[in-house]
There are 2 protein chains.
Amino acid sequence: MEVAIQKDTKQSILDIAEDLLHQKGYNAFSYKDIAVALGIKNASIHYYFPSKEDLGEAVVLYAFEKLKKLQEKAQAKNLSPPEELDFFLSIYQHYLEKKLKIGLIGTLAVNFAAIPEKMQIAGQKITQTCIAWLQSILEKGRASQTLRFEGDSFAQALLILASLEGALQIARLTDNQHFYQIVGQLRNSLILSITI
Amino acid sequence: MEVAIQKDTKQSILDIAEDLLHQKGYNAFSYKDIAVALGIKNASIHYYFPSKEDLGEAVVLYAFEKLKKLQEKAQAKNLSPPEELDFFLSIYQHYLEKKLKIGLIGTLAVNFAAIPEKMQIAGQKITQTCIAWLQSILEKGRASQTLRFEGDSFAQALLILASLEGALQIARLTDNQHFYQIVGQLRNSLILSITI
DNA sequence: GTCTATAGCAGGATAGAC
DNA sequence: GTCTATCCTGCTATAGAC
């Protein structure tokens, strides 16, 4: 069984569309953008995704699957709560560095009134999954006395997620360095054990 | 000097465009949206704002002026640091309740690659003004021992601003209640004196 | 200042050849 | 599966009457 040298077209479309969704938002990217990036014609994209709504939904579901796989991966590693928190933070750091500086929740929320309903629903599921994941990390950290926070773990999970989405946006408007400062401030307030 | 019963048209256009920018993002709203909301024809809007870029820039500058007036108003009141912080938080609460759930920084950042350069620059100025304002509140609070936080006041200001922008977005995707939970968690960590 | 009419363009989408 | 060609729609923008 050989490794395919060329990613199959449908997969490539999803990857590019996902990048564009982060970069420009749902309304600002077009089939043509994808076609140009892929070196095909935009009619070909309609073969895989008949309408833009189909594509939009597929992209968010695809991102959802990736998120769940990351979560499984983290759990398989049996990380300490601070390590698992850093794993989560690294997802956002990845957005900053490789992709183009906006989280999925942010892009979906900002254009919420202008995206198809199925994207809205998928976006809600992703958000809930992130919140639940963070909450579980916080609970484990509190029980093992490796993470410190006051009050409700759910509210603290919301605060962390909100900070990360906002951090990417501030970074895009001003300076990437600001993202790292926000994450540093967050980590300092949360992590008890001396980890760099 | 009588109060004008009907706001002048240019002002109304700005107000509606600002709402739409928060609601749908720059690319997703059209001259027609404004025209319908105002009961005029879209050609009339071009009389006041020849191009959409002009309108977009004017909206952000308008928001910038309002922000600065709010800041002056807060300073004229001689508020305590916790009160001034709550004043700032109330701006975001206002977005949640009256406007449609997204901050200006968020909408500009998400659509950054798709907005005219003048809007980008104006958005950067607004962001810097917010950061500086928050930082000044934090510094005063630390000096008077009414606000508690660790580390750099600039980084903490960034964290607060990011949290608020993100909080609106999570609220839009899930539940308004989540906004209040995030703000509550933030306030609990910051405010030392017993205020409800 | 506001209107009607229309130009010009771009994006989503479909039909049909290959 | 990918192409060319084309349709339709919606948007920005302009010209010119009133």
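Convention: sequence-line order gives letters A, B, ...; per-chain numbering from 1. Because the structure is a prediction, the values reported are computed rather than measured.
Salt bridge annotation for A/E18-A/K66: present, with a cationic side-chain nitrogen under 4.0 angstrom from a carboxylate oxygen. A salt bridge links A/E65 with A/K68; the closest basic N to acidic carboxylate O contact falls under 4.0 Å. With respect to the salt-bridge test (charged N to carboxylate O, under 4.0 angstrom), the residues A/K140 and A/E84 qualify.
Between B/Y48 atom OH and C/dT2 atom C1' the separation is 8 Å, expressed in whole Å. Residue B/H46 contributes atom NE2, which lies 15 Å from atom P of C/dT4 at whole-angstrom precision. Nucleotide D/dG10 holds its C1' atom 13 Å from the NZ atom of A/K52, rounded to whole Å. Atom CG in B/L55 sits about 14 Å away from atom C1' in D/dC11, given to the nearest Å. With rounding to whole Å, A/F49 atom CZ is found 18 Å from C/dT14 atom C1'. As rounded to whole Å, 16 Å separates atom C1' of C/dT2 from atom NZ of B/K10. Following rounding to the nearest Å, B/L20 (CG) and D/dC11 (P) show an atom-to-atom distance of 12 Å. Between the CD1 atom of B/I34 and the C1' atom of C/dT2 there is a distance of 16 Å, rounded to whole Å.
A/K10 forms a cation-pi arrangement with A/F49, by the criterion of a distance under 6.0 Å to the ring centre and an angle within 45° of the ring axis. Cation-pi check for B/K52 over B/Y26 is met; the charged atom lies under 6.0 angstrom from the ring centroid and within 45 degrees of its normal.
For residues 35-45 of chain B, proximity to DNA chain D is found at B/N42, B/A43, defined as any non-hydrogen atom under 4.0 angstrom from a strand atom. A heavy atom closer than 4.0 Å to some atom of DNA chain D occurs in no member of residues 111-121 of chain B.
Checked options B/L104, B/V110, B/I105; the residue passing with B/L108 is B/L104 (criterion: side chain to side chain contact (heavy atoms under 4.5 Å, CB included)).
OP1 or OP2 of D/dT2 sits under 4.0 Å from a side-chain N or O of A/T9. When the side-chain nitrogen and oxygen atoms of A/Y47 are compared with OP1 and OP2 of C/dA13, none of them lie within a distance under 4.0 Å. The side chain of B/Y31 contributes no N or O atom lying less than 4.0 Å from OP1 or OP2 of D/dG10.
For the residue pair A/S12/A/D15, the side-chain donor-acceptor check at 3.5 Å is not satisfied. There is no side-chain donor-acceptor pair under 3.5 Å between B/Q181 and B/Q177.
For B/S30, the side-chain atoms get nearest to D/dT12 when compared with the rest of D/dA13, C/dG1, D/dT12.
Classified by interplanar angle (parallel below 30°, tilted 30° to 60°, perpendicular above 60°), the ring pair B/F88/B/W133 is perpendicular.
Among the atoms of the strands shown, only primed sugar atoms or phosphate atoms (P, OP1, OP2) are found under 4.0 Å from some heavy atom of A/F29.
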